[in-house]
Visitor: 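One structure is given below, represented as structure tokens, and several questions about it will come after.
Each chain gets a letter, A, B and so on, in the order its sequence line appears, and its residues count up from 1.
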Protein chains: 2
Amino acid sequence: IVSMQKVTKDYHLGKTIVNALKGVDLRVEKGEFICIAGPSGSGKTTLLNLIGCLDKPTSGKVFLDEDDVERLNDNQLSRLRAERIGFIFQSFNLIPVLSALENTEYPLLLKGVARQSRKKKVLAMLEEVELANFAGHRPDQLSGGQRQRVAIARALVTDPEIILADEPTANLDSKTGETIVELMKKINEEMNSTFIFSTHDSMVMKYAHRLIHLQDGRIA
Amino acid sequence: IVSMQKVTKDYHLGKTIVNALKGVDLRVEKGEFICIAGPSGSGKTTLLNLIGCLDKPTSGKVFLDEDDVERLNDNQLSRLRAERIGFIFQSFNLIPVLSALENTEYPLLLKGVARQSRKKKVLAMLEEVELANFAGHRPDQLSGGQRQRVAIARALVTDPEIILADEPTANLDSKTGETIVELMKKINEEMNSTFIFSTHDSMVMKYAHRLIHLQDGRIA
Ligand SMILES: Nc1ncnc2c1ncn2[C@@H]1O[C@H](COP(=O)(O)OP(=O)(O)OP(=O)(O)O)[C@@H](O)[C@H]1O
Ligand SMILES: Nc1ncnc2c1ncn2[C@@H]1O[C@H](COP(=O)(O)OP(=O)(O)OP(=O)(O)O)[C@@H](O)[C@H]1O
Ligand SMILES: [Mg+2]
Ligand SMILES: [Mg+2]
């Protein structure tokens with residue numbers, strides 16, 4: 001479902017160049033549950049951003065289902081992201097003025113899902129991440145781990161084909177983290193969705209079909 | 001050095017009240033290295049914010065060195081925070097327009113430290129957190145774990161008496177996390193500074209003199 005060929009990514013800062021990815025080849029099949037592990041600064045977020053079409057490689061190719069994403073125009077990319085990919089960001093990227101419920105609901109609004117169906121899915125999802133009692137709280141009225149779970153709910157509520165999760169349990173205690181990963185595993189098995197996670201958490205890694213080690217911009 | 005007596009903290013949201021802390025008694029001696037563990041939403045950040053005088057309890061008393069913090073005026077509180085407490089925030093709270101170096105330098109500017117001494121301390125601290133090569137990067141040009149380490153550098157650079165660290169290794173891989181905790185332990189031993197951490201990381205807990213379990217707003 002996802003394929004990368006000799007992908008590099010460089011960031012330019014005045015005279016400095018940071019080579020975040022230095023030639024990555026990767027192939028992910030539909031329904032896989034993959035973890036990407038690696039030290040801080042090794043390129044995990046960069047890699048996920050490229051897979052999720054949130055950024056472009058410096059060189060090399062990214063394919064989604066045999067489509068070269070470089071050939072897609074902005075509308076096609078936006079639609080692809082809205083309809084097929086759920087993203088759990090490392091810094092959550094919640095909308096500060098919306099409540100937990102409204103943040104979770106937002107991608108369904110974008111997809112034009114009807115109100116009754118929308119409300120039902122959102123409340124069910126908030127229950128799954130154990131935040132039903134916090135539906136009305138804005139992000140600044142939630143703990144760090146609660147915000148992370150809203151980000152998770154929002155990414156999963158549209159039942160996307162591909163879920164990219166950037167360190168989804170970093171701010172969660174072990175028990176809550178395990179609840180979340182088991183939820184994701186359940187979704188993966190029932191819906192054959194593809195999960196690609198970055199993580200430092202050895203508990204999360206145990207669930208993976210495949211573990212990819214990233215080291216200094218390369219797959220080790 | 002820190003004492004809390006029957007401290008409660010309630011957050012009011014329209015008709016809803018969240019009882020984040022429900023009667024906490026705590027005493028921390030100078031030079032202790034304490035970890036606070038607990039599930040997401042159990043009150044860790046709330047507790048650290050009260051110790052750090054960033055917020056006020058709903059009821060009960062917080063003392064720093066026998067001074068009731070409620071009796072201190074705003075100037076006294078600001079000075080206390082600037083001169084005696086280093087804080088590593090869960091969401092880092094870096095200044096987006098400043099580089100890693102400038103963010104780390106900022107508390108020294110506030111203290112009026114001379115330029116030569118300032119530069120020397122900042123560069124030494126960035127070395128300690130393994131970010132010397134990223135001194136010129138702004139926060140949006142850094143990875144999640146790199147931003148966290150800038151937050152750590154900034155908190156430690158003034159050699160504060162009390163360091164409050166809210167999940168300081170959440171975004172770090174094991175090896176980088178261990179490097180950081182060992183740095184903190186070294187500072188604790190050499191300078192007899194007091195460290196109070198919240199954490200979910202069992203590796204960090206191993207270093208603690210004392211482990212406090214917070215559960216649903218109370219110390220278990
Ligand atoms: N926008 C940017 N501008 C400049 N450099 C960047 C940018 N984003 C990332 N980098 C650099 O690219 C490298 C890889 O960053 P990336 O965020 O992919 O790492 P990571 O593996 O996710 O790290 P972490 O575990 O700390 O989140 C790092 O050295 C980082 O400083
Ligand atoms: N500003 C706020 N307004 C309303 N409720 C809040 C606010 N800050 C925290 N809370 C609530 O108080 C409770 C304790 O929050 P706190 O941030 O102290 O938890 P925590 O133990 O740090 O959690 P985590 O491990 O997820 O960071 C939570 O239920 C949270 O939703
Ligand atoms: Mg990252
Ligand atoms: Mg917290």
Visitor: Taking atom CZ as the centre, does Arg138(A) end up with more than 12 heavy-atom neighbours from other residues, nucleotides or ligands that are less than 6.0 angstrom away?
Guide: no

Visitor: With respect to chain B, which residue among Gly144(A), Gly38(A), Ser42(A), Gly43(A) yields the maximal number of heavy-atom pairs within a distance under 4.5 Å?
Guide: Gly144(A)

Visitor: Say whether Arg149(B) and Ser40(A), considering side chains only, have a donor N or O and an acceptor N or O under 3.5 Å apart.
Guide: yes

Visitor: For the interface with chain A, which of Ser202(B), Ala170(B), Ala37(B) has the highest count of heavy-atom pairs at distances below 4.5 Å?
Guide: Ala170(B)

Visitor: Is the CZ atom of Phe63(B) crowded by more than 12 outside heavy atoms at less than 6.0 Å?
Guide: yes

Visitor: Are there residues of residues 171-185 of chain B that reach to under 4.5 Å of chain A by heavy atoms, and which ones?
Guide: Asn171(B), Leu172(B), Asp173(B), Thr176(B)

Visitor: Would you call Lys44(B) and Ser143(A) a side-chain contact if the rule is heavy atoms closer than 4.5 Å?
Guide: no

Visitor: Could you look at Gln141(B) and say if it's the side chain, the backbone, both or neither that has a heavy atom under 4.5 Å from chain A?
Guide: side chain

Visitor: If you count heavy atoms of other groups shown closer than 6.0 angstrom to CD of Glu70(A), is the number above 12?
Guide: no

Visitor: So which residues of residues 4-19 of chain A are in contact with chain B at a heavy-atom cut-off of under 4.5 Å?
Guide: Leu13(A), Val18(A)

Visitor: Counting neighbours of CG on Asp74(A) that are heavy atoms of other residues, nucleotides or ligands and sit closer than 6.0 Å, is the number greater than 12?
Guide: no

